[in-house]
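Quick caveat: nothing in here was measured; it's all calculated off a predicted structure. Indexing begins at 1, ligand by ligand and atom by atom, following the structure's order.
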Amino acid sequence: MAFSSSCSSVKAVNSRWTFPSPSPSSRFAVIPAFLHRRYATSVKLTATSAALKTVEQTTLTENNKFSTVGSDSDEYNPTLPKPRILVAEKLGEAGVNLLREFGDVDCSYDLSPEDLKKKVAESDALIVRSGTKVTREVFEAAKGRLKVVGRAGVGIDNVDLQAATEHGCLVVNAPTANTVAAAEHGIALLASMARNVAQADASIKAGKWERSKYVGVSLVGKTLAVMGFGKVGTEVARRAKGLGMNVISHDPYAPADRARALGVDLVSFDQAISTADFVSLHMPLTPATKKVFNDETFSKMKKGVRLINVARGGVIDEDALVRALDAGIVAQAALDVFCEEPPSKDSKLIQHENVTVTPHLGASTKEAQEGVAIEIAEAVVGALRGELSATAVNAPMVDPEVLSELTPYIVLAEKLGRLAVQLASGGKGVQSIRVVYRSARNRDDLDTRLLRAMITKGIIEPISDSYVNLVNADFIAKQKGLRISEERMVVDSSPEYPVDSIQVQILNVESNFAGALSDSGDISIEGKVKYGVPHLTCVGSFGVDVSLEGNLILCRQVDQPGMIGQVGHILGEQNVNVNFMSVGRTVLRKQAIMAIGVDEEPDNKTLERIGGVSAIEEFVFLKL
Ligand SMILES: NC(=O)c1ccc[n+]([C@@H]2O[C@H](COP(=O)([O-])OP(=O)(O)OC[C@H]3O[C@@H](n4cnc5c(N)ncnc54)[C@H](O)[C@@H]3O)[C@@H](O)[C@H]2O)c1
Ligand SMILES: O=C(O)[C@H](O)COP(=O)(O)O
């Protein structure tokens with residue numbers, strides 16, 4: 001158990017960190033802009049095809065855009081066989097034409113898994129939508145020939161990313177071209193549900209004329225809660241305002257000023273669902289949003305609420321929705337997405353008379369499909385040429401030596417990002433991140449891009465369905481409106497280790513744990529690697545020392561004897577194993593922070609009991 005004094009001061013920052021340019025002599029393929037020369041020398045991702053262009057020198061320009069400079073000797077050679085591109089699901093013609101200019105294109109739809117495996121063994125690239133499962137077996141069957149998988153759309157849950165990475169196969173997607181289509185489909189479902197269009201259509205086709213049965217509800221003046229104020233949610237809100245609706249939104253990570261500019265109030269989850277007449281879902285499916293619409297949350301909704309889902313089926317507990325519909329809490333639901341797709345024919349939800357369904361049509365407009373087709377064709381051709389793709393979603397291979405040195409710091413960086421974002425409580429939104437590295441190394445001996453990418457990953461992944469890696473971290477951060485500034489302090493420690501400590505600050509944001517705020521009012525945490533293991537060493541201005549394994553409980557309390565015993569006792573009674581515990585304080589017998597590493601996740605009752613200990617002023621449970 002460690003008692004620490006307050007954290008090291010970060011007042012004087014020695015230098016702004018700029019990115020080193022790779023040496024002209026370094027040669028590497030495909031992903032270099034994000035890699036320091038030390039990482040780059042043995043990177044191989046998609047370079048084995050004879051048609052690929054090897055990138056010799058790459059620099060990160062001042063405004064953080066990628067630029068690549070090709071080597072003359074390895075230019076694309078038209079006398080060599082063209083790359084083969086397998087298009088396994090219907091793709092817009094403009095995209096197919098683009099692909100044909102570059103490679104031999106085989107459009108083969110509705111392939112059985114066996115046929116897909118045979119075909120990929122002869123393909124350099126594969127393009128799919130959400131209907132094709134690109135499994136580990138597919139990558140194995142490709143025997144290293146497959147260099148890039150293009151997902152013509154946003155969600156890549158049908159591609160085994162881990163297997164792709166292990167097989168050195170880049171995966172790219174098309175994240176923006178179907179945003180408007182998805183938003184328009186949300187609005188179509190909203191309006192048609194309110195006026196019973198689908199039910200009335202079926203009725204009249206069945207020979208009936210039921211005018212009084214299908215009296216609808218008006219949209220004007222009603223409150224719409226947009227759950228998730230990202231790309232699609234924003235477009236839905238904009239359109240709903242045009243229909244005269246009062247739009248509120250819940251998104252703990254969206255900037256309030258972006259919402260305000262559209263006349264949308266960002267509110268808490270409970271406020272959104274309890275005041276809305278219509279609730280439209282636009283959040284990603286993450287562990288935090290899985291079945292977030294369940295018996296408990298439905299019971300908080302206004303009786304007669306109407307629900308629209310064009311996000312992912314898994315955010316709703318479908319059985320609970322059936323119960324809420326039967327009980328009249330939810331008057332109607334309009335659903336484009338389901339837990340299982342296609343859903344079973346006799347599903348009670350699908351058959352419910354107050355439910356309107358479409359077969360995952362959100363992205364299915366001619367315009368969106370043409371846009372997606374072009375976006376994905378350009379990304380796939382770029383990858384085959386050896387260029388860096390801004391929409392790459394899986395990790396490139398990195399020199400094992402470099403990785404092994406940086407691995408504990410990579411883990412530390414990701415965990416610090418993950419912890420910091422969980423300490424933000426929304427309000428103004430997470431927008432500005434400041435990272436301070438303390439290191440004894442010269443600037444040229446340490447490239448922080450991998451660390452920055454992992455901090456970005458830690459911050460973004462718990463709050464979105466974006467996959468963040470070395471290749472796409474800057475792109476995603478920019479897309480999310482995150483500004484990440486890096487600063488460096490040269491410290492007098494051993495240059496044998498790449499980094500002495502990493503401090504992550506989230507600026508101008510409210511926190512659910514006031515003890516994590518620094519003197520300047522920003523969320524601030526710091527960590528170190530000790531004996532190869534990442535440790536949290538500072539929370540706000542309190543020094544602590546806790547190994548970052550399992551989960552973490554932070555308590556701020558009056559500094560007095562017996563606190564460790566009391567909390568340890570409560571956890572012990574619930575069989576929650578404490579793996580590390582540390583107390584830090586600023587002034588003796590005033591305030592202290594207790595950081596407790598736990599292997600298991602304590603239940604709510606246990607956490608309430610901890611909160612009930614009289615000397616504990618606040619506490620928070622954080623998943624690592
Ligand atoms: N039906 C379709 O065909 C179709 C088409 C496109 C997108 N989608 C789906 O729509 C969803 C949104 O897509 P997007 O492109 O707008 O993504 P996005 O990443 O731009 O936006 C998602 C937003 O959700 C927010 N969020 C994260 N956790 C949240 C939480 N717990 N509560 C509230 N908000 C939370 C994020 O901060 C972000 O602003 C995704 O699930 C995507 O897969 C479906
Ligand atoms: O993730 C997406 O882009 C949407 O859900 C659409 O998927 P689709 O391209 O398979 O229609």
Lys366 and Glu370: salt bridge (charged side-chain N to carboxylate O under 4.0 Å, His left out), yes or no, with the steps? CA-CA 6 Å; Lys366 283 183 185 167; Glu370 283 299 298; over 6 Å; no
Has the side chain of Ser347 got a donor or acceptor atom that lies under 3.5 Å from a matching backbone atom of Pro343? no
I need the Leu419 CG to Leu622 CG distance, nearest 0.5 Å. 5.5 Å
Measure the SG-CG distance between Cys339 and Asp319 for me, rounded to the nearest 0.5 Å. 8.5 Å
Of the non-hydrogen atoms in Glu375 and Thr176, which two are nearest, and what is the gap between them? OE2-OG1, 3.0 Å
Are the side chains of Leu224 and Ser280 in touch, meaning some heavy atoms are under 4.5 Å apart? yes
For ligand 1, list the protein residues that place a heavy atom within a distance below 4.0 Å of one of its atoms, sorted by chain and number. Asn178, Ala182, Gly228, Phe229, Gly230, Lys231, Val232, His250, Asp251, Pro252, Tyr253, His282, Met283, Pro284, Thr289, Val310, Ala311, Arg312, Asp336, Val337, His360, Gly362, Ala363, Ile463, Asp465, Lys480
Aromatic centroids of Phe621 and Phe513 separated by under 6.0 Å: no
Parallel, tilted or perpendicular, as decided by the 30° and 60° cut-offs, for the rings of Phe139 and His167: parallel
What I want to find out is whether Glu608 reaches Lys605 closely enough, with some N-O distance under 4.0 Å, to be called a salt bridge. no
Compile the protein residues with any heavy atom at a distance under 4.0 Å from an atom of ligand 2; present them by chain, then by number. Arg129, Ser130, Arg151, Ala152, Gly153, Val154, Gly155, Asn178, Arg312, His360, Ala363
